[in-house]
Amino acid sequence: MSENNQLRDVFDAIADPTRRRLIQLLAEEEEMPLHELTVQFQMGRTAVSKHLTILKEAGLVLDRKAGRETRFRLNAAPLREVQDWVAFYSKFWSANMLRLNRLLEEEEL
């Protein structure tokens with residue numbers, strides 16, 4: 001659990017392709033109501049709502065009531081944890097590729 005007191009792990013939340021698509025849609029707009037998000041998927045409103053709940057529990061989505069509709073927006077801050085993790089492995093693979101290149105160059109000599 002992170003310092004934000006999240007109920008769900010960010011990695012768990014983004015593991016599902018539907019939730020990653022929801023994040024993408026919300027990144028492209030300032031806010032979106034549930035009905036606009038639902039039309040982007042071949043599933044019902046309840047299923048989309050469940051995915052949004054998981055994203056909310058991970059701190060990735062914020063919502064607000066606007067009359068009778070609920071509007072959702074992205075909170076990308078928790079994705080920093082994912083970015084940091086990927087950056088570490090990016091350095092790891094770059095270093096390994098450099099070693100492999102050196103080894104191949106030495107074999108050519």
Side-chain angles (χ1 to χ4, degrees):
M1 200 117 19
S2 79
E3 65 220 19
N4 295 344
N5 229 1
Q6 296 167 343
L7 301 174
R8 186 175 296 270
D9 180 68
V10 173
F11 290 92
D12 179 47
I14 65 169
D16 184 272
T18 299
R19 293 192 288 272
R20 290 193 304 269
R21 176 74 176 130
L22 282 165
I23 289 170
Q24 180 183 358
L25 290 167
L26 292 171
E28 294 169 354
E29 300 289 333
E30 189 172 322
E31 271 188 345
M32 290 183 78
L34 180 57
H35 69 88
E36 283 184 26
L37 290 165
T38 301
V39 299
Q40 302 290 325
F41 299 93
Q42 293 183 338
M43 62 180 73
R45 182 183 179 110
T46 302
V48 172
S49 185
K50 286 181 182 180
H51 284 290
L52 286 165
T53 297
I54 290 168
L55 292 172
K56 279 179 53 179
E57 289 173 352
L60 290 164
V61 169
L62 303 171
D63 65 347
R64 71 176 182 89
K65 289 285 188 185
R68 291 179 45 191
E69 78 180 2
T70 303
R71 300 185 64 80
F72 297 89
R73 66 183 167 98
L74 178 64
N75 176 32
L79 290 173
R80 172 76 65 196
E81 181 181 357
V82 176
Q83 181 182 9
D84 293 345
W85 186 81
V86 169
F88 171 81
Y89 285 99
S90 178
K91 290 178 199 171
F92 169 81
W93 285 112
S94 292
N96 282 322
M97 293 306 285
L98 277 172
R99 282 194 293 256
L100 178 59
N101 273 341
R102 287 187 200 127
L103 180 63
L104 292 173
E105 287 171 359
E106 288 173 6
E107 285 184 5
E108 287 179 358
L109 296 176

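Keep in mind that the numbers below use all heavy atoms, side chains included, and drop hydrogens, waters and symmetry copies. Bear in mind the structure is a predicted one, so any value in this text is a computation, not a measurement.
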With a sphere of 6.0 Å drawn around CD of E30, does it hold more than 12 non-hydrogen atoms of other residues, nucleotides or ligands?
no
Does anything in residues 13-26 pair up under salt bridge (Lys or Arg N to Asp or Glu O under 4.0 Å), and if so which pairs, sequence neighbours excluded?
none
Going by the salt bridge (Lys or Arg N to Asp or Glu O under 4.0 Å) test, which pairs reach into residues 36-50, not counting sequence neighbours?
none
With sequence neighbours excluded, residues passing salt bridge (Lys or Arg N to Asp or Glu O under 4.0 Å) with R64:
E31
Residues which pass salt bridge (Lys or Arg N to Asp or Glu O under 4.0 Å) with D12, listed by chain and number, not counting sequence neighbours:
R8
R80: side chain to side chain donor-acceptor pair (under 3.5 Å) partners, not counting sequence neighbours:
Q83
Return the set of residues passing side chain to side chain donor-acceptor pair (under 3.5 Å) with T70 (not counting sequence neighbours), or none when no residue passes.
K65
Partner residues of [X] under the side-chain contact (heavy atoms from CB on, under 4.5 Å) criterion, sequence neighbours left out:
X	result
E29	M32
Q42	none
R99	N96, R102
A76	L74, L79

ring-ring contact (aromatic ring centres under 6.0 Å, His included) pairs, two or more places apart, involving residues 30-70
none
Just to verify, what does F88 make a ring-ring contact (aromatic ring centres under 6.0 Å, His included) with, not counting sequence neighbours?
none
Hphob cluster co-occupancy, L60 + V48, side-chain heavy atoms under 4.5 angstrom
yes
